[in-house]
Protein chains: 2
Amino acid sequence: MALKKDLKNIVQEGGKMFLPSISVDCVIFGFHGNELKVLLLQMKHASVHGLPGGFILKDEAADEAVSRVLKERTGLDNIFLQQFYTFGEPLRSDKKMHLTAMKKEGIAIVKGNWLLERFVTIGYYALVDFSQVLPMQDALSISCDWHPLRPAPALMMDHNNILNKALETLQQQLSYQPIGCNLLPKKFTMPELQKLYETILGKPLDRRNFQRRILSYGIIKKLKEVKTGVAHKAPFLYSFDVKKYDEALRDGLGRGW
Amino acid sequence: MALKKDLKNIVQEGGKMFLPSISVDCVIFGFHGNELKVLLLQMKHASVHGLPGGFILKDEAADEAVSRVLKERTGLDNIFLQQFYTFGEPLRSDKKMHLTAMKKEGIAIVKGNWLLERFVTIGYYALVDFSQVLPMQDALSISCDWHPLRPAPALMMDHNNILNKALETLQQQLSYQPIGCNLLPKKFTMPELQKLYETILGKPLDRRNFQRRILSYGIIKKLKEVKTGVAHKAPFLYSFDVKKYDEALRDGLGRGW
DNA sequence: ACAAAAGTGTTACTTTTACACCCATGA
DNA sequence: TCATGGGTGTAAAAGTAACACTTTTGT
């Protein structure tokens, strides 16, 4: 099995390939069935889930490492990615976890192995179009799948903490940054976008006010199509204006002083 | 000289004491003479300045490491501290710099020394009461002093980049977080606070509107004293309400959806 | 025909901005 | 006494929040 060979290689050679004591973890958000979802790995040797993550190659930028991990787990390039916090508590990483996992894998891991060190992890969140993702597990997991956020499953180590902080950051940034559209397909309807905002913020919004506000940002444009094959009145489709969007990403939307 | 002994120890033993390839850097902001200042080290062996920084002890939290560095450079405890970004570009650290610096110090640094590795640095900014700070240099610097921000001096490596990002973050957060007061003495006047906000944001604000808005947050309270020994009409003194302030820190000030 | 969701404007309310005069103090 | 900065309120403008009816479509 290719994955196991990879794993063995990482355990034995990782110390030469990767920066020591630093990892990246990624909270991948998707939106489906009117729910926010997060992509999690089901770990092989423990009844817990974990965030997709990885290590930084010696000549690689942290952002590149995350993109690489993301590509591996979702098949996607060019994902909206945001670093949100670096977790540097001394007791956050669980040294025993790797030890027992490797033992069960039948891979030798000796005292002093780089994986048994304490790790500081850089947290990123990603916003992806649910329908475009093809989840793929990694060497240490049974499966990679979407999970609901509320409630989120029990995660290994401090990953629940990381997940919560990611969600908090997302909620805060949603009001000032034009990020909502990243979670939807290229063409989407106004009610879909609104549902998304309501879901992230966890509260209902007025339809008319929502529409006015979103449109006032100028980052999305109404297409001349409607969504077909749908019950009830056909809603218009919108897409977002990449140029205006990029400006808004730089300058923000909110007011403030 | 104690500092040199320390330095030699860090070069030779640091690999055992600290997390490898990770550093912390701290942008320390102060306010004086109606200007935002930043505390910088004048490096010994190059005509550049640098941000105060350090490394994380093997059993120490990243935040603790920064507090320790801050204590060493400023003499202060319990400073307002905020992690703002982690810099993980592969070429950000300058391997030659340490090498030549140590050569000039007469300290042997051999190939493979931990200091010659690539470093990822966790950026923090600190807000301090200028009048309370007693700047102290470290082993690699001639002096530690306040410098103007606009323009900021040339800094080593990517420290100008770090500084700029810190300032940007500060500006953004100022509108949503009750952080202004951290830069002033315990008792301050409304015009002082306003000057501070104007300086950080780089634009003038209306006196009456500023006062109304700040007071509406409820985080500062008017004292029954006025500032004495001052020219012109004596302004009232204010102090900030720690309880309300802590609430606001958690919940933010701004609106949004 | 009806149930369910989408489209659309107006009004009241709240927040923000703009603006000017008097007062106290030190020089 | 005068120059300088500090204290204070109000009115207009902008932005936000609340709200209802009509249209379309599938069943």
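Protein chains get the first letters and strands the later ones, always in sequence-line order, with residue 1 at the start of each.
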Rounded interatomic separation in angstrom, taking [atom1] from [X] and [atom2] from [N]:
{"X": "A:L237", "N": "C:dA6", "atom1": "CG", "atom2": "P", "result": "12 Å"}
{"X": "A:R213", "N": "C:dG9", "atom1": "CZ", "atom2": "C1'", "result": "19 Å"}
{"X": "B:L205", "N": "C:dA18", "atom1": "CG", "atom2": "C1'", "result": "14 Å"}
{"X": "B:F188", "N": "D:dG6", "atom1": "CZ", "atom2": "C1'", "result": "16 Å"}
{"X": "B:F210", "N": "D:dG9", "atom1": "CZ", "atom2": "C1'", "result": "19 Å"}
{"X": "A:E192", "N": "C:dA5", "atom1": "CD", "atom2": "C1'", "result": "13 Å"}
{"X": "A:L193", "N": "C:dA5", "atom1": "CG", "atom2": "C1'", "result": "17 Å"}
{"X": "A:Q211", "N": "D:dG15", "atom1": "CD", "atom2": "P", "result": "18 Å"}

Plane angle bin for B:W146 and B:F130 - parallel if under 30°, tilted between 30 and 60°, otherwise perpendicular: tilted
With sequence neighbours left out, write down each residue that passes side-chain hydrogen bond (donor to acceptor under 3.5 Å, both in side chains) with [X], or none if nothing qualifies.
{"X": "A:D241", "result": "none"}
{"X": "B:R212", "result": "B:N209"}
{"X": "B:E198", "result": "B:Q194"}

task: Pick base, sugar-phosphate or nothing for B:K222, based on heavy-atom distances below 4.0 Å to the nucleic acid.
output: sugar-phosphate
Cut-off 3.5 Å, no hydrogens considered: what does the side-chain donor-acceptor table look like for residues 183-191 of chain B, sequence neighbours left out?
| unit_1 | atom_1 | unit_2 | atom_2 | d |
| --- | --- | --- | --- | --- |
| B:K187 | NZ | B:E225 | OE1 | 3.3 |
| B:K187 | NZ | B:E225 | OE2 | 2.9 |
| B:T189 | OG1 | B:E192 | N | 3.2 |

message: Strictly under 4.0 angstrom, non-hydrogen atoms only: write out the protein contact profile of nucleotides 18-27 of chain D, one letter per nucleotide from the 5' end, B, S or -.
response: BBB--BBBS-
Side-chain donor-acceptor pairs under 3.5 Å in residues 166-174 of chain B, sequence neighbours left out?
| unit_1 | atom_1 | unit_2 | atom_2 | d |
| --- | --- | --- | --- | --- |
| B:T169 | OG1 | B:K165 | O | 2.7 |
| B:Q171 | NE2 | B:I200 | O | 2.9 |
| B:Q173 | OE1 | B:Q82 | NE2 | 3.3 |
| B:Q173 | NE2 | B:Y125 | OH | 2.7 |

